[in-house]
Amino acid sequence: MLRRIVTCADGLPRLNRHNQKKEMIMAINALKYTTHEGVLRTVPLDTVRLIRPLTDEDKERAKESLKEKRGIDIDPARVSIRIEFGDKSSKLARENLEGLRAQGIALVNMGSERYVPAANITGAESFTKEDADRLKEEDYTLSQNFRAKVDTKAGTVLSSATPQQVMDRRAKALEAANSNTPGANVKARPT
């Protein structure tokens with residue numbers, strides 16, 4: 001069966017309802033970002049563990065680290081976020097949080113400007129003193145007061161919000177993203 005492709009004035013294929021639905025599903029299941037080299041990449045959303053906006057200090061540290069470890073020169077002004085994956089690897093990206101929200105990705109702030117895609121959150125439970133003691137025994141330094149362990153499809157993340165607050169904000173972020181309204185970024189901080 002032959003299909004006729006209808007193009008717009010610019011020569012690009014016109015999106016029909018099926019293509020628009022396919023693009024929408026892809027947007028929900030994938031994250032598009034531009035690397036510091038300018039390469040556009042698409043990754044499955046469920047592999048993303050954490051997204052952190054970069055401060056000027058973070059950008060300079062990343063520049064120095066990449067130069068020292070890999071001999072790579074980057075322009076710190078061209079990167080805005082660090083995307084951390086479930087395998088603990090990370091990538092620098094040019095997009096900012098607003099650019100990710102424009103893709104339909106709802107983000108929940110876990111505290112200290114650490115964002116998790118709301119669709120990746122599978123549960124949350126209290127972070128206990130025993131949990132903190134166990135991490136300290138494993139030579140982790142806890143620099144803030146965590147109140148919840150948040151399970152995601154890409155690993156566990158600690159949050160300064162309570163488990164109930166995390167789950168409520170996840171629901172609110174998903175609802176906002178599904179209704180295509182601004183506000184898909186919900187802060188998971190105690191009120």
Side-chain angles (χ1 to χ4, degrees), residues 21-33 35 41-54 58 80-93 95-191:
K21 187 174 183 179
K22 188 175 176 182
E23 283 289 318
M24 182 182 242
I25 290 170
M26 189 176 129
I28 294 169
N29 296 321
L31 174 101
K32 293 180 185 179
Y33 70 96
T35 66
R41 293 203 175 167
T42 303
V43 296
L45 187 60
D46 61 4
T47 64
V48 176
R49 183 172 169 266
L50 206 57
I51 299 168
R52 296 176 189 233
L54 297 172
D58 293 334
S80 297
I81 59 173
R82 177 186 307 273
I83 302 169
E84 296 179 18
F85 297 95
D87 64 0
K88 306 293 185 190
S89 65
S90 65
K91 298 290 182 189
L92 299 177
E95 286 75 12
N96 57 24
L97 295 176
E98 291 302 319
L100 299 181
R101 284 188 208 105
Q103 294 179 37
I105 298 172
L107 299 172
V108 177
N109 187 341
M110 294 288 113
S112 298
E113 294 298 309
R114 296 163 35 253
Y115 295 83
V116 172
N120 284 5
I121 297 173
T122 59
E125 62 184 66
S126 294
F127 182 73
T128 64
K129 181 167 176 21
E130 291 80 27
D131 293 327
D133 292 340
R134 185 176 45 79
L135 287 175
K136 287 177 185 174
E137 287 173 8
E138 296 175 15
D139 292 330
Y140 284 96
T141 303
L142 299 175
S143 59
Q144 61 178 320
N145 187 18
F146 295 110
R147 298 167 72 190
K149 289 188 295 188
V150 180
D151 295 323
T152 74
K153 294 176 183 176
T156 302
V157 177
L158 298 178
S159 174
S160 57
T162 66
Q164 185 62 49
Q165 288 171 323
V166 170
M167 297 310 289
D168 290 348
R169 290 169 177 146
R170 172 191 179 271
K172 186 175 178 181
L174 290 172
E175 182 181 312
N178 288 337
S179 65
N180 293 326
T181 59
N185 171 40
V186 179
K187 296 186 179 195
R189 292 189 180 161
T191 54

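No experiment lies behind these values; they were computed from the predicted model shown.
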K149: side-chain contact (heavy atoms from CB on, under 4.5 Å) partners, not counting sequence neighbours | E125, F127, D131, T156, L158
Closest non-hydrogen atom pair between E95 and I81, with its separation = O-CG1, 3.3 Å
Any donor-acceptor pair under 3.5 Å from S159 side chain to A161 backbone = yes
Nearest heavy-atom neighbours spanning V108 and R169 = CG2-O, 4.1 Å
Can you name the residues that form a side-chain contact (heavy atoms from CB on, under 4.5 Å) with K136, not counting sequence neighbours?
-> L142
Residues which pass salt bridge (Lys or Arg N to Asp or Glu O under 4.0 Å) with E137, listed by chain and number, not counting sequence neighbours | none
Compare all side-chain heavy atoms of M167 with those of I121 and state whether any distance is below 4.5 angstrom.
-> yes
Could you check if a side-chain atom of L100 sits within less than 4.5 angstrom of a side-chain atom of Y115, using non-hydrogen atoms only?
-> no
Which atoms form the tightest heavy-atom contact between S90 and R82, and what is the distance?
-> OG-NH1, 3.4 Å
Spatial distance of atom CD (E130) from atom OG1 (T128) [nearest 0.5 Å] | 4.5 Å
Does the side chain of I105 reach to within under 4.5 Å of the side chain of L45, using non-hydrogen atoms?
-> yes
Heavy-atom pair with the smallest gap, counting every atom of A173 and A118 | CB-CB, 4.0 Å
With a 4.5 Å limit on heavy-atom distance, are the side chains of K91 and T35 in contact?
-> no
Between Q144 and S160, a side-chain donor and acceptor under 3.5 Å | no
Under the 3.5 angstrom rule, does the side chain of T122 hit a backbone N or O of K153 as a donor-acceptor pair?
-> no
Among I83, V48, I51, the one residue meeting side-chain contact (heavy atoms from CB on, under 4.5 Å) with Y33 = I83
Check ion pair D168-K172 (N to O, under 4.0 angstrom) = no
What distance do L107 atom CG and E98 atom CD have between them, rounded to the nearest 0.5 Å?
-> 9.5 Å
Taking all non-hydrogen atoms of both residues into account, name the closest pair between A154 and D46 and its distance.
-> CB-O, 3.5 Å
So, for S126 and P163, which heavy atoms are closest and what is the spacing to 0.1 Å?
-> N-CG, 3.4 Å
